[in-house]
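Worksheet for the structure shown next.
Computation of the quantities below employed the complete heavy-atom set of this structure, encompassing side-chain atoms and omitting hydrogens, waters and symmetry-equivalent molecules.
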Amino acid sequence: MKTLDLKGLKCPLPVLRLRRYLRDHAKIGEQIEVMTTDPMAQLDIPHFCNEFNQKLISSSADKDGHVFIVEKLTDTTKDE
């Protein structure tokens, strides 16, 4: 599982970096662990997953911020 350490980045950068990784590097079915410290990520990443048809497997707080597990379901993150 790939880990994206996005700690220290502020909105909207965590979602933009996740989107770029999914678009450019991830294969369908791949799971990505996303670590953030931005409090807005708790809203932004689930919204992104819903909007772009990706699967949010888990979302949990840790001592530094938040950890998400996202599974790539589709290629809908590609620029049209």
[X] [atom1] to [Y] [atom2] distance, which is reported to the nearest 0.5 Å:
| X | Y | atom1 | atom2 | answer |
| --- | --- | --- | --- | --- |
| Asp75 | Arg23 | CG | CZ | 11.5 Å |
| Cys49 | Leu18 | SG | CG | 6.5 Å |
| Thr36 | Arg17 | OG1 | CZ | 13.5 Å |

Might you work through the side chain to side chain contact (heavy atoms under 4.5 Å, CB included) test for Glu33 and Lys2, ending with a clear yes or no? CA-CA 6 Å; Glu33 177 184 48; Lys2 169 70 175 177; over 6 Å; no
Using the rule that two of Ile, Leu, Val, Met, Phe, Trp, Tyr join whenever any of their side-chain heavy atoms come within less than 4.5 Å, decide whether Leu56 and Val15 are in one cluster. yes
Same hydrophobic cluster for Leu13 and Ile45, using side-chain heavy-atom links shorter than 4.5 Å among ILVMFWY? yes
Taking all non-hydrogen atoms of both residues into account, name the closest pair between [X] and [Y] and its distance.
| X | Y | result |
| --- | --- | --- |
| Thr74 | Ile28 | CA-CD1, 4.3 Å |
| Asp38 | Leu9 | CB-O, 3.4 Å |
| Glu71 | Ile57 | OE1-CD1, 3.5 Å |
| His66 | Ser59 | NE2-OG, 2.8 Å |
| Cys11 | Met40 | CB-CB, 4.1 Å |
| Phe68 | Pro46 | CE2-CD, 4.2 Å |

Salt bridge (Lys or Arg N to Asp or Glu O under 4.0 Å) involving Lys7 - partner list, sequence neighbours excluded: Asp64
If you apply the rule side chain to side chain contact (heavy atoms under 4.5 Å, CB included), what do you find for Phe52 with Arg19, and how did you get there? CA-CA 9 Å; Phe52 288 94; Arg19 181 178 184 201; 4.0 Å; yes
Backbone N or O of Ala26 within a donor-acceptor pair of the Lys72 side chain at under 3.5 Å? yes
Could you walk me through whether Gln54 and Leu22 satisfy the side chain to side chain contact (heavy atoms under 4.5 Å, CB included) test, starting with their C-alpha distance in whole Å, then the side-chain angles of each, then the deciding distance to 0.1 Å, before giving a yes or no? CA-CA 9 Å; Gln54 307 305 323; Leu22 289 169; 4.1 Å; yes
State, yes or no, whether a side-chain contact exists between Val70 and Gln31 at a heavy-atom distance under 4.5 Å. no
Residue pairs meeting salt bridge (Lys or Arg N to Asp or Glu O under 4.0 Å), one or both in residues 40-63, sequence neighbours left out, come to none
With sequence neighbours excluded, tell me which residues meet ring-ring contact (aromatic ring centres under 6.0 Å, His included) with His25. Tyr21
Please report the C-alpha distance between Val34 and Leu6 in whole Å, then the side-chain angles of each, then the deciding distance to 0.1 Å, and finally whether the side chain to side chain contact (heavy atoms under 4.5 Å, CB included) criterion is met. CA-CA 7 Å; Val34 182; Leu6 305 177; 3.7 Å; yes
